[in-house]
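Because the structure is a prediction, the values reported are computed rather than measured.
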Amino acid sequence: MKTTVQLDYQAILANTARPVHLVLQFDAPAVLDQRTRPVAFALVIDRSGSMAGAPLEAAKRAAGTVIQNLRRDDLFSVVVFDETAETVLPLAPVGSRQRASARVNAIGVGGSTNLCGGWMLGRDNLKDAPTGCLKRLLLLTDGQLNVGIVEPDPVKRAVTDGLEAHGIRTSCLGFGGGYNEDLLAAFAEATGGGFYDANHRDKLPGIFAAELDGLQKTVVMNLRIRVRLTAFVDQFAPLGEYPVVSLPDGRTEVQIGDLVSEEQRIAVRASASSSTSGLGGGSVSIGATP
C-alpha cells in the first residue's frame, strides 16, 4: 500500500497559532483477479422488528462490503423481508456504488419474520440471470420461521430445488442470539454454501473473503491511523465520517476500514496549533491487519 502525507505548513512561526490540515492518501495495490465468469449476487436481508439496532446496522455494513467488491460485469440484487418481502434493488449491474449503498442504508425496520418469503423473492431475482453467471444468494437474519411457511422441511426443499433447478447457492449469516442455527446450517449444507455467525464485526471481512471468492479482493484490512498530540496542539478534529475512538494510552485512533484492489482513500484531519517553537503537532502511526 502506498501512503502519501501532506501538511498545509512544514513550519509555523513561534508564538503564531493557526489551523493545520493533515491529508493522508492511501492507495491499495492491484491484485490479479482470476475469475472469468460474472456473478449474479442477491442479498436477502431480514428487517423484522427483532433486527432493530445493531443487527440491522451490521447487515447494512455487510451489504456495503458486497457492493464494494462487485466487478463491473457482475449483477446485484437486494431483497428485504419482514412479514412480506420486497425487492429494493432488482438484479442488474451495480452501476453507482454510492447510489446502491444509499438504497441499502435507507432500509428500515418492519414487523414479523417471513424468512421463506424473503428467500423465494431472492431466488426469483436470480433465476433468470444470464447463462454462465455464478448465482449466489446470501441470507442475513436473526430470526425464526414465524410467518408464511413455518415448517423447516418444506423450506429446506425449496432451497435445495433452487440449487438443482437454477444453480443458486445459498449462504447464511446469523445475527444476534435467537436465530435458528440448525435451519440456517441446513440451508447452507444443502447447497454447498456457507453458514456464519456474524455477531462479531471483526469476522465480517473473513466471511466475505470466503463468500466473494474470486471477486476483487480486499488487500488492506482494518486500516487505522493513531495520533498522539504534543503540547503544541490545542485541538485535533477529523474532517469526514471515519469513526474515531480514544485509546487508553491517550492516543486517538481513526478507523479507515478495508481497502480493495486499487482503491484510494483520503483522510483529512485538522489541528489548532498554539506553537511556540515551530510546528511540532505530534506523531502519527498507521497500521493494518496482516
Side-chain angles (χ1 to χ4, degrees), residues 39-63 65-66 77-88 104 107 109-127 134-213:
V39 166
F41 202 101
L43 279 181
V44 178
I45 301 175
D46 183 348
R47 66 169 180 186
S48 61
S50 59
M51 285 284 286
L56 185 56
E57 292 307 309
K60 291 179 183 180
R61 287 195 298 270
T65 302
V66 175
S77 173
V78 176
V79 167
V80 295
F81 67 93
D82 46 20
E83 62 263 25
T84 60
E86 175 187 352
T87 296
V88 174
V104 169
I107 295 171
V109 178
S112 299
T113 309
N114 188 347
L115 190 152
C116 186
W119 182 89
M120 286 181 170
L121 185 55
R123 173 204 61 192
D124 291 343
N125 274 271
L126 286 175
K127 67 182 184 180
L134 300 169
K135 299 176 185 178
R136 301 290 185 263
L137 187 151
L138 185 59
L139 175 66
L140 300 87
T141 182
D142 76 336
Q144 308 278 339
L145 296 168
N146 58 27
V147 175
I149 302 175
V150 297
E151 294 297 325
D153 287 343
V155 180
K156 183 179 176 181
R157 283 197 297 271
V159 173
T160 303
D161 289 345
L163 176 66
E164 294 176 354
H166 307 294
I168 298 171
R169 188 185 76 180
T170 298
S171 292
C172 304
L173 270 67
F175 293 85
Y179 62 82
N180 188 330
E181 181 175 344
D182 291 339
L183 180 68
L184 299 186
F187 288 177
E189 182 179 0
T191 64
F195 167 59
Y196 311 95
D197 183 320
N199 285 320
H200 300 284
R201 184 177 178 180
D202 58 355
K203 291 184 178 180
L204 291 179
I207 289 172
F208 286 107
E211 273 311 297
L212 301 175
D213 181 34

task: Report yes or no: do Asp142 and Ser50 form a side-chain donor-acceptor pair below 3.5 Å?
output: yes
message: Can a side-chain donor-acceptor contact be found between Asn114 and Thr84 if the only test is distance below 3.5 angstrom?
response: no
- prompt: Any Lys/Arg nitrogen of Glu86 or Arg47 sitting under 4.0 Å from an Asp/Glu carboxylate oxygen of the other?
  reply: yes
Return the [atom1] to [atom2] distance between [X] and [Y], rounded to the nearest 0.5 Å.
X      : Y      : atom1 : atom2 : answer
Arg136 : Leu43  : CZ    : CG    : 13.5 Å
Phe195 : Ser171 : CZ    : OG    : 11.0 Å
Cys172 : Glu189 : SG    : CD    : 11.5 Å
Asp161 : Ile168 : CG    : CD1   : 11.0 Å
Lys60  : Thr65  : NZ    : OG1   : 14.5 Å

- prompt: When Phe81 is tested against each of Leu121, Ile45, Thr141 for side-chain contact (heavy atoms from CB on, under 4.5 Å), which residue passes?
  reply: Thr141
field: side-chain contact (heavy atoms from CB on, under 4.5 Å) partner of Phe175, the single match among Asp46, Asp197, Leu140, Leu56
entry: Leu140
Distance-only, no hydrogens or angles: does the [X] side chain make a donor-acceptor pair with backbone N or O of [Y] under 3.5 Å?
X      : Y      : answer
Lys135 : Lys127 : yes
Thr191 : Arg169 : no
Lys156 : Phe187 : no

Got [X] and [Y] here, is their nearest side-chain heavy-atom distance under 4.5 Å?
X      : Y      : result
Leu138 : Phe41  : yes
Val88  : Val104 : no
Trp119 : Val155 : no
Leu115 : Leu139 : yes
Asp82  : Ser112 : no

Which heavy atom of [X] sits nearest to which heavy atom of [Y], and what is that distance?
X      : Y      : result
Val44  : Gly122 : CG2-CA, 3.9 Å
Ala52  : Pro55  : O-CD, 3.5 Å
Glu83  : Gly111 : OE1-CA, 3.3 Å
Gly49  : Val109 : CA-CG1, 3.6 Å
Leu163 : Ala190 : CD2-O, 3.8 Å

